[in-house]
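Remarks on the structure that follows.
Proteins come first, then strands; the chains are lettered A, B, ... in the order of their sequence lines, and each starts at number 1.
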There are 4 protein chains.
Amino acid sequence: MTELAELPAAPGAARTQGRPRSSRAHEAILEAVLDLLEEGVTVEALSMEAIAARAGVGKATIYRRWAGKDELLLETLIKLKGPPTQPLGDSVRADLIRLLSVVGQKDERAVRVMPCLMPEVSRSPEAYRIWQEAITEPRREVMREVLRRGVATGELRADLDLEVTVTMLISPLLLHRMVRWNPRLDEVDDLPEQIVDVVLRGVTA
Amino acid sequence: MTELAELPAAPGAARTQGRPRSSRAHEAILEAVLDLLEEGVTVEALSMEAIAARAGVGKATIYRRWAGKDELLLETLIKLKGPPTQPLGDSVRADLIRLLSVVGQKDERAVRVMPCLMPEVSRSPEAYRIWQEAITEPRREVMREVLRRGVATGELRADLDLEVTVTMLISPLLLHRMVRWNPRLDEVDDLPEQIVDVVLRGVTA
Amino acid sequence: MTELAELPAAPGAARTQGRPRSSRAHEAILEAVLDLLEEGVTVEALSMEAIAARAGVGKATIYRRWAGKDELLLETLIKLKGPPTQPLGDSVRADLIRLLSVVGQKDERAVRVMPCLMPEVSRSPEAYRIWQEAITEPRREVMREVLRRGVATGELRADLDLEVTVTMLISPLLLHRMVRWNPRLDEVDDLPEQIVDVVLRGVTA
Amino acid sequence: MTELAELPAAPGAARTQGRPRSSRAHEAILEAVLDLLEEGVTVEALSMEAIAARAGVGKATIYRRWAGKDELLLETLIKLKGPPTQPLGDSVRADLIRLLSVVGQKDERAVRVMPCLMPEVSRSPEAYRIWQEAITEPRREVMREVLRRGVATGELRADLDLEVTVTMLISPLLLHRMVRWNPRLDEVDDLPEQIVDVVLRGVTA
DNA sequence: TGATAAGCGAGACGGTACGTCTGGTCTTGTA
DNA sequence: TACAAGACCAGACGTACCGTCTCGCTTATCA
């Protein structure tokens, strides 16, 4: 997915001449961002200058790959989140609970980065596209697949709207982990179960 | 709610001597922010200098009232959103649909501002507090009240968890309006109804 | 002469509103340049960043006063050179020798700065104007006055061309001190006397 | 004179192995500099990248031949100026006037380049050496020869100091053409004659 | 009524980071 | 080995804002 964020090297050109881009530099930059986040640097306090310095890289080397801080952070987030969790193929209920349980729980840094990308994602169509393709859509698809299985077995209603259902399942968790939208949910320790149960009962055949 | 964002003028002091703060300036500043947003200025492109210039006000006059751009934007958002929509007292279902239908629909500018406050809200406890008290909590409370009515009439289960239910109702709409989390929902035109129906069926007595 | 290099604060405006420019900062900047030169920093290695850092001043504070490095250096040079040496009113010959003897001899730093301003002076009409008004013209005028005295006493030809004569007197010294145009003159220890004698013999009545 | 500026290919080595340096590239680089100057590009706006691009040459190919921009410009200046004007062998006076008349008059670009080399020449002993050997010294020598003829014929004083005299003759013209040191000389149209006459009268036997 | 205290618009202040550019070097593939 | 291309590290450039600090003024309250 890395190349999603890459700037086109030359619109319709060969891109084979000259010294090739150093993958060493590429990795070093992403590592530098992760390191700095690890050390507790606020996302908004992350400066391109600090990243370049930490990575031992010239600033131009960063701008050659990403159009700005947001694009770089976006790719960092993608790297941070990795591929979506896979269902185990147990019951539909168990799989959904499993999928919801890991929302925003794998890496603390991802939870810090995500809200900071909301401004960019809501403004730039390009950032939105990358975010969708690399982060949200793959996770929705995994969950859709589980739901489709439920429909196939007759466990779930045949006229179920997959998109609505998926969104209803994930949104509460996402909003809670990302910005703690409803602080009273802090005390609910089986939130994924509760959500899955309500939705399943609502969409059972 | 406006005064939530106000800096304490002087911790334990009289605050009556000297020239009082000009409410004219106060209004002019908020108006300036709204004007600039209206004109299509990106939230992140909004600079204190531009706001001050537009309001015909010195920068210090802004900082005397708000601690920074985020606090100012937060108050702007509060002003923009106004008091929460009230239920009409019809059926529980109709009231819930009504409440969900207005999420992020009243003023286009609010939808643009909100994602930009997520970084601040997720970082600063103070901003989080204001955001909760002035924006999210009042809206949750309105919805809780409707649900309580349903419980009282026996229409809804008695052991219903209000917080979970409220969050399940609002989150999908909020996330969709704010950052269009699932673009396929664009084509669903009765989203509030569908959500309410699934949840109600899931929590019916 | 300092204000020659100043940018107009506002073309035709009052320039009395707002916080006034800090003369402390102004001095600190010029001092910083001199300090750095003193420490042996090459003129072309002088960076605005280093100057700002050394002066304890923001870069904008420099750019508010000077349009660029060259203008700043020009004013530094003016400060460095100070007012022109005055003749003692002895014989015309003695006065001219005295004036020529100090060309490029007062401060070693001025001799290092001057060649570095040649590119700017030869390109920018504004820099040229300042350089002429503040540096070269005052020195020519002092020398013209001595020559006029010689004409008045009948010692020098009445049809003497002051400009040509002044230029003939100063140019060899200037070029020698500035870029050591003819290195063999290093061994001539009475260069001012020789030049004055040749020119005086050439223009005696 | 070109090879003055060349870097030693390998201190005491054969320099015959491998692909020989392309004289095509060498010429193309110098031509590129001249072209860009012709087009009005400021000397300080001349970048190595622009030169390389214009010459259709890699930057390394430039650095393989010259140590930096200044050395390249210096060689360009040498090429631009060509060999010194030769005296016609007329009278000493006529020859001197002829020599002075061409100072800075042959190619407009040379006059623009020269002031820009002053910083380098005044700082780098190596640049100074090349400048002296290839530009200033040959021109002084031509003029010395004319003066020696005058001494031989008894027209000029036998104890004449050739270096002082040569410097006195050329400096005013040089400084005027290069940086217009005294703008009032713009109106003097027989400057070479006047200078020669004053100096000759001053050094006549 | 006059002193005093705080607020006002304006804009300079010390900083920090931005994104761009250039310098001089290095690394490809090709000749 | 040189070449064209172009990426590399480094760091200065000039700009834009940040949040604070003077200015000279205005506008209140309190003596």
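- Tyr63(D) places its OH atom 17 Å from the P atom of dT27(E), with the value rounded to the nearest Å.
- A salt bridge is defined here as a Lys NZ or Arg NE, NH1 or NH2 lying under 4.0 Å from an Asp or Glu carboxylate O, and Glu49(B) with Arg54(B) fails to meet this definition.
- Arg21(B) has no side-chain polar atom (N or O) that falls below the 4.0 Å cut-off from OP1 or OP2 of dA6(E).
- Across all strands, Ala52(B) comes closer than 4.0 Å to no nucleic acid atom at all (heavy-atom distances).
- Rounded to whole Å, atom P of dG19(F) lies 11 Å from atom CD of Glu71(B).
- At the heavy-atom level, Ala50(A) lies nowhere under 4.0 Å from the strands shown.
- With hydrogens and angles ignored, a donor-acceptor pair closer than 3.5 Å exists between the side chain of Arg19(C) and the base of dC21(F).
- Checking Ser22(A) against Gly56(D), the closest nucleotide of DNA chain F that is more toward the 5' end is the one next to Gly56(D).
- Across the protein-nucleic acid pair, Arg65(D) atom CZ and dT1(F) atom C1' stand 13 Å apart, rounded to whole Å.
- Going from atom CD of Glu27(C) over to atom P of dC13(E) covers 13 Å, rounded to whole Å.
- For dG19(E), its base sits under 3.5 Å from the side chain of Lys59(A) at one donor and acceptor pair at least.
- Side chains of Arg21(A) and His26(A): no donor on one and acceptor on the other come within 3.5 Å.
- Contact between the side-chain N/O atoms of Arg24(A) and the OP1/OP2 oxygens of dA7(F) is not found at any separation under 4.0 Å.
- When each of Gly68(D) and Ala60(B) is assigned the nucleotide of DNA chain E bearing its nearest heavy atom, the one mapping closer to the 5' terminus is Ala60(B).
- In this structure, CD1 in Ile78(A) is found 11.5 Å from CH2 in Trp131(A), a value given to the nearest 0.5 Å.
- Using a 4.0 Å cut-off between a side-chain N of Lys or Arg and a carboxylate O of Asp or Glu, Arg112(A) and Glu44(A) do not qualify as a salt bridge.
- Along DNA chain E, the nucleotide nearest Ser47(A) and the nucleotide nearest Thr61(C) are compared for position; the residue whose nucleotide lies closer to the 5' end is Thr61(C).
- Taking only side-chain atoms of Arg64(B), from C-beta outward, the nucleotide of dC13(E), dG7(E), dG9(E) with the closest atom is dG7(E).
- When the P atom of dT16(E) is taken as reference, atom CD of Glu44(A) falls 16 Å away, rounded to whole Å.
- Taking atom CD of residue Glu49(A) and atom C1' of nucleotide dT15(F), one finds them 13 Å apart after rounding to whole Å.
- Comparing Ala25(D) and Gly58(A) by the nucleotide of DNA chain F whose heavy atom lies nearest to each, the residue mapping closer to the 5' end is Ala25(D).
- The CG-C1' distance, from Asp70(C) to dA12(F), rounds to 14 Å in whole Å.
- Using a 4.5 Å cut-off on side-chain heavy atoms (C-beta onward), Asp70(B) and Val121(B) make no contact.
- For Ile62(C) and dA12(E), the CD1 to C1' distance is 14 Å, given to the nearest whole Å.
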